[in-house]
Amino acid sequence: MLKKIPGAVAVGGTDSEKPLSKGQKAFNTLSEKIAKRRATLAEWEVFGTDFRRRYTDEVVPLQNSFDAIRIQMLHKLDQSHDAKGLTKGERQTIEDLISHIAGDLMESSDDPAVEELYRRYSGADDAKSAEALADLKQTLETEFGVDIADDVDLNSPEAVLRHIQRQLDEQEDAERRHREAKEEFHAERKKAKKPKAAEERARAEEAEVHQSLREVYRKLASMLHPDREPDPVERERKAVLMQRVNGAYASRSLLDLLAIQLELEHIDQMALDSIGEERLKRWNTILKEQLRGLDQELSEVHFEYLARCGLGPMATVSPASVKRHLTASLTDLRHYIKAFEQDLRSFDDVKRLKLWLKQMKWELSAR
């Protein structure tokens, strides 16, 4: 017997003595893959609701608190820059700290005072920053084999990720078009004498595929049409089912149409198992198209969360891993806020400030 996967429709296997045909095996494999992709998308949808709630209720308030305390730190550092008793090196450390903190803050805050402090204190690091960004650009281009445009903001991981993903998608499309063009070229050479026959055959195959889908739809529509039902209760039930049928047909979901047939006992498993290889071949073409669509949808979901988590485009994400990342981010934010609150106390006494600046200089050099 076939392994039953929720949401999948299987053919063959009723007769355990008879091996599955090539078409039946392909159908069952595609059906299982589609069911798994749908389950994954449903999991992401449920997770997304909780993620957005936690992000709004927990991450945003903590991020705002973190921004506020860093802005407070910037003003304290600015006020202390010319304080008596500080050495030239300690003032340089203050400048480096202001440049570093303000630079980070500008990604999440649009406070003009932050931008002004950054411009005032980071001038000496402009060349160094430009050099670091140039190195980063070269590293990313080498690693992913793409060209990063000059107008891409390298300070924004989300912008870089979107640009790289777009480049990779374009490369993939170009490679696919090249393969198709090459295949078409060889096919044209091979069938140069009968180009019209090949085109007509392709059109005929597409028409047969569409007709196979339409055939299943029409049988269900004929059975469920609510206008032909005199009983009001039964008419309402059929109207609901017809909405499902129309939705499945609009999205070219053969599996949903077959599942509704089985559900209504409009077709039994034995009849499904006896479907011929030619029809299975057309059905499998429909399933392959549906699977490609689901894979594209999943790819877009993955990319969205990669950008949200600040991860590289080649990283693997799942609801569980994103949840762990979210929890870790909340823990980090609470830790950073507490650390900044403690650091602010160092400004009450110049001796404590000098000791703190010494520690900060070491930490900056270690980055």
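Only a predicted model underlies this, so the values are computations on that prediction, with no experimental measurement involved. Starting from 1, each residue takes its place in the sequence as its number.
- Counting only heavy atoms from C-beta outward, the side chains of Met242 and Asn246 approach each other to under 4.5 Å.
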List the steps and the verdict of side-chain contact (heavy atoms from CB on, under 4.5 Å) for Lys33 and Arg37. CA-CA 6 Å; Lys33 286 182 177 180; Arg37 301 297 195 281; 3.9 Å; yes

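- Rounded to the nearest 0.5 angstrom, Asn64 CG and Ser109 OG are separated by 9.0 Å.
- Residue pairs meeting the ring pair (Phe, Tyr, Trp, His ring centres under 6.0 Å) criterion with at least one partner in residues 75-96, sequence neighbours excluded, are His81-Tyr121.
- Counting non-hydrogen atoms of neighbouring residues, nucleotides and ligands closer than 6.0 angstrom, the NZ atom of Lys354 exceeds 12 such neighbours.
- One distance of note links CZ of Arg282 with CG of Leu287; it measures 13.5 Å at 0.5 Å rounding.
- Using a 4.5 Å cut-off on side-chain heavy atoms (C-beta onward), Arg54 and Thr327 make contact.
- Judged purely by atom type and a 3.5 angstrom limit, Asp78 has no side-chain atom pairing as donor or acceptor with the backbone of Leu74.
- Contact between Asn284 and Ala26 at its shortest, heavy atoms only, is ND2-CB, 3.5 Å.
- At least one donor-acceptor pair under 3.5 Å links the side chain of Ser80 to the backbone N or O of Lys76.
- Criterion: ILVMFWY side-chain heavy atoms under 4.5 Å apart, direct or through other members. Under it, Ile94 and Leu355 are not part of a common hydrophobic cluster.
- Other residues, nucleotides and ligands place no more than 12 heavy atoms under 6.0 Å from the CG atom of Asp110.
- Between the CD1 atom of Ile98 and the CG atom of Leu105 there is a distance of 12.0 Å, given to the nearest 0.5 Å.
- For Tyr55, the OH atom counts as loosely surrounded, since its 6.0 Å shell holds 12 or fewer non-hydrogen atoms of other residues, nucleotides or ligands.
- Follow the hydrophobic side-chain contacts under 4.5 Å out from Leu364 and you reach Leu357 in the same cluster.
- Rounding to the nearest 0.5 angstrom, the gap separating the CD1 atom in Ile101 from the CG atom in Leu77 is 5.5 Å.
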Residues Arg38, Gln290; criterion side-chain contact (heavy atoms from CB on, under 4.5 Å); working and verdict: CA-CA 11 Å; Arg38 284 177 159 181; Gln290 187 177 357; 3.1 Å; yes

Evaluate side-chain contact (heavy atoms from CB on, under 4.5 Å) for Glu277 paired with Leu280, printing each intermediate quantity in order. CA-CA 5 Å; Glu277 285 296 297; Leu280 277 175; 3.6 Å; yes

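- Counting only residues at least two apart or in different chains, side chain to side chain donor-acceptor pair (under 3.5 Å) contacts with residues 337-347 comprise Asp343-Trp356.
- Take Phe66 and apply the ring pair (Phe, Tyr, Trp, His ring centres under 6.0 Å) test, not counting sequence neighbours, and it matches Tyr336, Phe340.
- Not one N or O on the side chain of Ser99 forms a donor-acceptor pair closer than 3.5 Å with the backbone of Glu95.
- Proximity of a side-chain donor or acceptor of Ser321 to a complementary backbone N or O of Val317 within less than 3.5 Å is not detected.
- Leu62 approaches Ile337 most closely through the heavy-atom pair O-CD1, 3.6 Å.
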Expected list for residues 39-48: side-chain donor-acceptor pairs under 3.5 angstrom, two or more places apart:
residue	atom	partner	partner atom	Å
Thr40	OG1	Lys36	O	2.9

Using the rule given for salt bridge (charged side-chain N to carboxylate O under 4.0 Å, His left out), can you reason through Asp67 versus Arg70, listing the C-alpha separation, both sets of side-chain angles and the distance that settles it, and then say yes or no? CA-CA 5 Å; Asp67 287 351; Arg70 286 190 293 171; 2.7 Å; yes

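- Applying the side chain to side chain donor-acceptor pair (under 3.5 Å) criterion to Arg352, with sequence neighbours excluded, gives no partner residue.
- The backbone N or O of Arg52 lies less than 3.5 Å from a partner atom in the side chain of Thr56, making a donor-acceptor pair.
- The pair Asp50-Arg53 meets the salt-bridge criterion, with a side-chain N (NZ, NE, NH1 or NH2) lying under 4.0 Å from an Asp/Glu carboxylate O.
- To the nearest 0.5 Å, the span separating CZ on Arg91 from CG on Asp96 amounts to 14.0 Å.
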Could you walk me through whether Asn28 and Glu32 pass side chain to side chain donor-acceptor pair (under 3.5 Å), step by step? CA-CA 6 Å; Asn28 292 339; Glu32 290 176 2; over 6 Å; no

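- In this structure, Glu363 and Met360 have side chains that are in contact, with non-hydrogen atoms separated by less than 4.5 Å.
- A donor-acceptor pair is defined here as one N or O able to donate and one able to accept, closer than 3.5 Å; no such pair exists between the side chain of Arg214 and the backbone of Tyr249.
- Atom CD of residue Glu289 and atom CG of residue Leu294 lie 11.0 Å apart, to the nearest 0.5 angstrom.
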May I have the list of side-chain donor-acceptor pairs in residues 303-313 shorter than 3.5 Å, sequence neighbours left out?
residue	atom	partner	partner atom	Å
Glu304	OE2	Arg308	NE	3.4

